[in-house]
Structure formats: C-alpha cells, structure tokens
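Remarks on the structure that follows.
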Number of protein chains: 2
Amino acid sequence: MKKYYKILEKCPLFDNIESENLFKMLRCLGVKVESFDKKYTIMSEGSPARYIGIVLSGSAQIIQVDYFGFRSILSNIEPSQVFGEAFACAEIKSIPVTVVANEPCEVMLIDCSHILHTCSNNCGFHQQLIFNLMKDLAAKTISFHQKQEITSKRTTREKLMTYLSLQAKKEGCNRFQIPFNRQELADYLEVDRSGLSVEISKLRNEGVLYSKKNTFELLEKY
Amino acid sequence: MKKYYKILEKCPLFDNIESENLFKMLRCLGVKVESFDKKYTIMSEGSPARYIGIVLSGSAQIIQVDYFGFRSILSNIEPSQVFGEAFACAEIKSIPVTVVANEPCEVMLIDCSHILHTCSNNCGFHQQLIFNLMKDLAAKTISFHQKQEITSKRTTREKLMTYLSLQAKKEGCNRFQIPFNRQELADYLEVDRSGLSVEISKLRNEGVLYSKKNTFELLEKY
DNA sequence: CTCCATTTGTTGAAAATTCAACAGAAATAT
DNA sequence: ATATTTCTGTTGAATTTTCAACAAATGGAG
C-alpha cells in the first residue's frame with residue numbers, strides 16, 4: 001500500500017486527512033486494489049453501484065455504448081482521480097456506464113457502504129470523507145458543464161477548437177498532449193472520426209494548429 | 001415562510017431533517033426569498049458562486065449562451081429542486097451558467113458559506129445538510145449522464161425519441177407534458193428548431209407519436 | 001372582438017455530417 | 001527484420017442539419 005502513497009495523497013477524496021491517518025482509515029474502509037490490462041472492463045454497465053474507484057496507475061475511460069453499438073466517451077480518469085462515486089452516492093441499483101482500462105492500470109476500490117454509513121468504530125474521518133466526496137461531486141458537475149459546452153457546438157470544427165482551447169487553458173500552455181487517439185477524440189466530441197481527421201487537416205493547413213499524433217499546439221493565428 | 005412548508009419538505013437538501021427543526025435551521029442559515037418575473041435573470045454567468053438556490057414556485061432554466069449568442073438549455077428546475085449548488089460547493093469564483101425564470105417564480109437563496117463552514121452555534125444539522133448536498137450532487141451527476149445519453153445521438157429524430165422515451169419512463173406514462181416549447185426543446189436537444197418541427201411532423205404522420213403543444217404521447221407503434 | 005406579438009410548421013437551398021471504402025503510416029507481434 | 005494489425009488521413013456519395021424566409025396558428029392585451 002505504501003507505494004501508492006504519493007497518488008493517494010493527491011486524491012481529492014483524502015483532502016485534509018493526515019497521511020499517518022490515511023492508512024489507518026483505508027484499513028477501516030476495507031479497501032482493495034485490483035489490476036486490469038489494457039481494454040479490460042473495470043466496471044460494466046448494469047452492475048451494482050457499490051464501489052467508489054480511485055485510479056492508482058494507468059488511466060481509465062468512462063464510456064456509454066448505445067443500442068446500436070455507438071460508443072461515446074464521457075471522461076478520462078487519470079491517477080489519483082475518482083470514478084463511480086456518483087452512482088455509489090446516489091444509491092442507485094446499477095450503474096449506467098462502463099469503465100474500461102485505457103492502458104494497464106491499478107485501481108483502488110472502496111465499498112461505498114463503508115463511507116456512507118457511519119462506521120462501527122465511529123472514527124472521525126467519516127465526516128471529512130463525506131465533505132470531500134461532496135466537493136469532488138461538485139467538481140465533477142462543473143466538468144460536465146464544460147463537456148456540455150464542447151458538445152453543444154454544432155460543427156466538428158467548433159467542437160474541436162472549443163475542446164483544444166479548454167485543454168490549453170487547463171494545461172496553461174498552448175502545446176499539450178491529449179489523452180485520446182483519433183477515434184477516441186471523435187467519441188468524446190461526438191462526431192465522425194473521418195470528419196474529424198478532415199477538420200484537423202484543414203486547421204493544420206490554415207496554420208491554426210500544429211498536431212502530431214496526440215500532441216497539439218494552438219498557434220498564434222487563432 | 002410557513003407557506004413554503006410543503007415545497008421545502010420535498011427539497012432533497014432537507015431530507016431527514018424534522019420539520020420542526022427546519023425553520024430553526026433556515027433562520028440559522030440566514031436564508032432569503034426573492035421573486036422574479038418571467039424571463040428575468042436569477043443568477044448570471046460570471047457572478048460570484050455564493051448562493052445555493054431552491055425553487056419555491058414557478059420554474060427556472062439553467063442555460064449557457066455562447067460567444068455567438070447560441071443558447072443551450074442544460075436543465076429545467078421545478079419547485080423544491082436545487083440549483084447553483086455545484087458552483088457554490090466547488091468554491092469557484094464565478095458561475096459558468098445563467099439561471100433564468102421560465103415563469104414568474106420565487107426562489108430561496110442560501111449563502112453557501114453558512115453551509116460549508118461549521119456554524120457558530122455548532123448546530124447538529126450541518127452534517128446532515130452536507131450529507132444531503134452530497135446525495136443531491138450525486139443525483140445531478142446522474143441526470144447529466146442522462147442528458148448526455150440524449151445529446152450524444154447523431155440525428156434530431158434519435159435525440160427527440162431518446163428524450164421522449166426517458167420522459168415517458170420518468171412519468172410512468174406514455175402521455176405527458178414537457179416543460180419546453182419548441183425553441184426550448186431544440187435548445188435542450190441541441191438541434192435546429194425548424195428541423196425539430198419537421199421531425200415531429202414526420203413522427204406524427206408515421207403514427208409514432210401524438211403531439212399537441214407541449215403534450216406528447218408515444219403510441220404503441222414505437 | 002380585433003390587433004399584435006409570439007410560436008409553430010413548411011419549404012428549398014446551402015453547408016456539414018455521416019458512411020463506406022481504401023491507402024499509407026505507425027505500432028505490435030512473431 | 002518481417003508480417004500483421006491498428007490507426008490515420010482522404011475521397012465521394014448519400015443523408016442530415018442548418019439557415020432564412022414566410023405562412024399559419026396561437027395567445028394576450030386593449
């Protein structure tokens with residue numbers, strides 16, 4: 001467990017919890033750590049909403065697949081970020097999304113009933129944990145608003161530029177990497193992959209951006 | 001304040017709080033009630049994220065208006081529902097959306113600092129309030145997933161049918177009213193209004209649905 | 001009731017997306 | 001190193017959306 005120290009410290013779920021107390025608490029919560037190979041399913045749609053997950057290494061994607069097999073990517077989860085908390089906290093029977101490993105990854109799983117219902121030891125961390133969960137959920141809601149701002153645009157070009165601008169802002173730099181390949185970016189922006197490639201080429205020719213693989217740079221022109 | 005009793009009782013923020021304690025608590029929180037005429041702005045984008053709102057009567061819409069004046073409707077808020085909580089709880093400087101009165105309405109505003117930071121009286125309701133906030137935010141996240149399921153569809157017809165199916169399911173009845181007129185529905189589904197009208201007409205002719213104004217009915221055929 | 005403003009439905013043209021198919025590039029496995 | 005698979009960019013055709021403009025229907029105000 002020690003090797004996850006640095007990651008867990010940065011997890012918003014454990015804000016304001018002293019590191020010496022953290023491991024005691026994790027024992028109390030009865031956490032478990034699991035590993036998944038690339039493309040493996042971490043949580044599947046329809047399964048009980050019981051666990052809150054924390055990515056320890058690698059990365060995961062929250063996806064929805066509709067009746068016709070169309071995939072849409074809701075978000076990308078990086079180390080020390082939390083997933084599944086909304087379903088666990090809302091106490092719904094089954095989760096409406098699938099979580100897949102985007103690369104080999106390790107995740108910590110916490111049975112949400114250990115968080116939501118006061119523990120038998122009545123340890124003082126619960127209140128802080130619930131407060132942290134609330135802040136985390138608030139932050140998630142805001143990031144959904146941002147995604148909505150992107151996908152509400154009507155053209156592929158606008159969606160792409162809105163996404164890239166927000167990324168540049170988040171990274172604080174005009175040159176940055178994105179966590180998606182082309183098909184994934186298309187599924188995140190909710191557009192056609194080939195149409196997205198066309199648009200990227202156009203923007204490159206117009207001198208608006210530089211791109212190579214998953215590295216992008218917004219040029220002055222824009 | 002007494003006249004809002006029934007509404008406040010149903011507010012998820014006050015779950016598991018005895019009604020006799022509710023009013024004492026509201027005083028402690030220093031709530032205020034304000035009225036807005038139809039189309040008036042309740043909270044405007046860019047303003048400080050200080051208040052959590054509860055709709056007491058009428059209804060409000062959460063909207064985003066982009067650089068070009070395109071409006072998109074994120075959600076509709078009915079009496080006893082909460083708004084603005086995500087921005088208040090995430091402690092961001094300014095809110096990224098606008099809240100407008102959809103009809104004459106009254107809202108209760110609670111300064112979030114009174115909820116997030118333990119009150120001087122150290123009254124026991126805070127923990128419950130924060131727990132309720134957490135559950136409310138979890139529920140909001142889930143409803144965003146649902147909206148995403150709608151808007152991720154690629155055609156106007158699919159978006160419309162997905163929306164109507166979800167509404168029918170929510171109402172538990174194939175015949176129901178929606179809280180939007182045509183333009184608003186278009187802005188919620190993120191499609192063109194005239195194209196939406198065309199699609200509704202087609203579906204009506206095909207016998208898939210009945211519609212008149214904002215009343216819809218999904219017919220057997222579907 | 002009449003007038004006026006708003007909402008809804010309809011149309012056709014222009015623009016954009018989707019779709020399928022394929023070729024070249026890049027990554028992976030043997 | 002080579003073969004195989006996956007990913008990316010390109011194309012053209014078909015579909016769909018968007019846009020602008022207008023007519024019909026609806027709803028309110030006076």
Side-chain angles (χ1 to χ4, degrees), chain A residues 37-39 61 66-73 100-104 150-164 177-206 208-216, chain B residues 37-39 61 66 68-73 100 102-104 150-164 177-206 208-216:
Chain A
D37 281 339
K38 182 169 177 167
K39 292 192 179 175
Q61 288 178 345
D66 76 7
Y67 182 76
F68 302 104
F70 282 97
R71 171 180 72 169
S72 92
I73 298 181
V100 296
N102 198 31
E103 46 189 316
I150 294 167
T151 56
S152 69
K153 295 284 184 294
R154 299 301 165 81
T155 64
T156 299
R157 168 180 284 239
E158 277 183 299
K159 288 182 191 181
L160 174 62
M161 286 309 290
T162 305
Y163 170 69
L164 294 177
Q177 300 207 335
I178 64 172
F180 302 124
N181 63 27
R182 289 290 179 278
Q183 182 63 63
E184 291 170 333
L185 180 57
D187 291 345
Y188 181 81
L189 301 179
E190 282 151 24
V191 298
D192 180 69
R193 180 198 61 78
S194 69
L196 174 61
S197 273
V198 169
E199 219 54 58
I200 290 174
S201 296
K202 275 193 204 163
L203 288 164
R204 204 161 23 201
N205 289 334
E206 292 170 21
V208 176
L209 58 74
Y210 162 91
S211 90
K212 186 171 186 179
K213 288 184 54 189
N214 63 343
T215 299
F216 285 80
Chain B
D37 280 340
K38 182 171 178 168
K39 292 192 180 176
Q61 289 178 345
D66 77 7
F68 302 103
F70 282 97
R71 169 181 73 170
S72 91
I73 299 180
V100 296
N102 197 32
E103 45 189 317
I150 294 166
T151 55
S152 69
K153 295 284 184 295
R154 300 300 166 82
T155 65
T156 298
R157 168 180 284 238
E158 277 184 298
K159 288 182 190 182
L160 175 61
M161 287 308 291
T162 305
Y163 170 69
L164 294 177
Q177 300 207 336
I178 65 172
F180 302 124
N181 64 25
R182 289 290 180 278
Q183 182 64 63
E184 292 170 332
L185 181 56
D187 291 344
Y188 181 80
L189 301 179
E190 283 151 24
V191 298
D192 179 69
R193 180 197 62 78
S194 70
L196 174 61
S197 273
V198 169
E199 219 55 56
I200 290 174
S201 296
K202 275 192 205 164
L203 288 164
R204 205 159 24 200
N205 289 334
E206 292 169 20
V208 176
L209 57 75
Y210 162 92
S211 91
K212 187 173 186 179
K213 291 184 52 190
N214 63 343
T215 299
F216 285 81

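Here is the naming used below: chain letters follow the sequence lines, and residue numbers restart at 1 for every chain.
Under 3.5 Å, the side chains of B:S211 and B:R204 contain a donor-acceptor pair of N or O atoms. No donor-acceptor contact under 3.5 angstrom links the side chains of A:S152 and B:E190, judged on distance only. Between the side chains of B:T156 and B:E199, no donor-acceptor pair of N or O atoms lies under 3.5 Å.
Here the P atom of nucleotide C:dG9 and the NZ atom of B:K202 are 14 Å apart, to the nearest Å. What separates CG of B:N214 from P of C:dT8 is a distance of 9 Å, to the nearest Å.
Using a 4.0 Å heavy-atom criterion, one finds that B:R193 contacts the bases of the nucleic acid, with or without backbone contacts as well. Within 4.0 Å of A:S197, counting heavy atoms only, lies at least one base atom of the nucleic acid. Backbone-only engagement by A:T156 is indicated by non-hydrogen atom pairs under 4.0 Å involving sugar-phosphate atoms exclusively.
You'll find the side chain of A:I200 reaches within 4.5 Å of the side chain of A:F216, heavy atoms only. Residues B:K153 and A:F68 have side chains not in contact (no heavy-atom distance under 4.5 Å, counting atoms from C-beta outward).
A:N214 places a side-chain N or O within donor-acceptor distance of the main-chain N or O of A:I178, the cut-off being under 3.5 Å.
For the atom pair CG of A:L203 and CG of A:L164, the computed distance is 8.5 Å after rounding to the nearest 0.5 Å. In this structure, CG on B:N181 lies 10.5 Å from NZ on B:K213, to the nearest 0.5 angstrom. In this structure, CZ in A:F180 is found 11.5 Å from CG in A:L196, a value given to the nearest 0.5 Å.
In this structure, B:S201 reaches the C:dT10 phosphate: one of its side-chain N or O atoms is under 4.0 Å from OP1 or OP2.
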Distances under 3.5 Å only, N/O to N/O: pair up the protein atoms with those of nucleotides 26-29 of chain C.
from, atom 1, to, atom 2, distance (Å)
C:dA27, OP1, A:K213, NZ, 3.1

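Contact footprint of chain A on DNA chain D: nucleotides with an atom under 4.0 Å from a non-hydrogen protein atom, first to last in 5' to 3' order, D:dT8 to D:dT18.
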Quiz item: Which is it for A:T155 and A:V191 under the side-chain contact (heavy atoms from CB on, under 4.5 Å) test, yes or no, and what are the steps along the way?
Solution: CA-CA 9 Å; A:T155 64; A:V191 298; over 6 Å; no
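Nearest-nucleotide mapping onto DNA chain D: of A:G195 and A:K39, the residue sitting toward the 5' end is A:K39.
Less than 4.0 Å separates DNA chain D from at least one heavy atom of each of the following residues of residues 177-192 of chain B: B:V191, B:D192.
Here A:E206 pairs with A:R157 in a salt bridge; the nearest charged N to carboxylate O distance falls below 4.0 Å.
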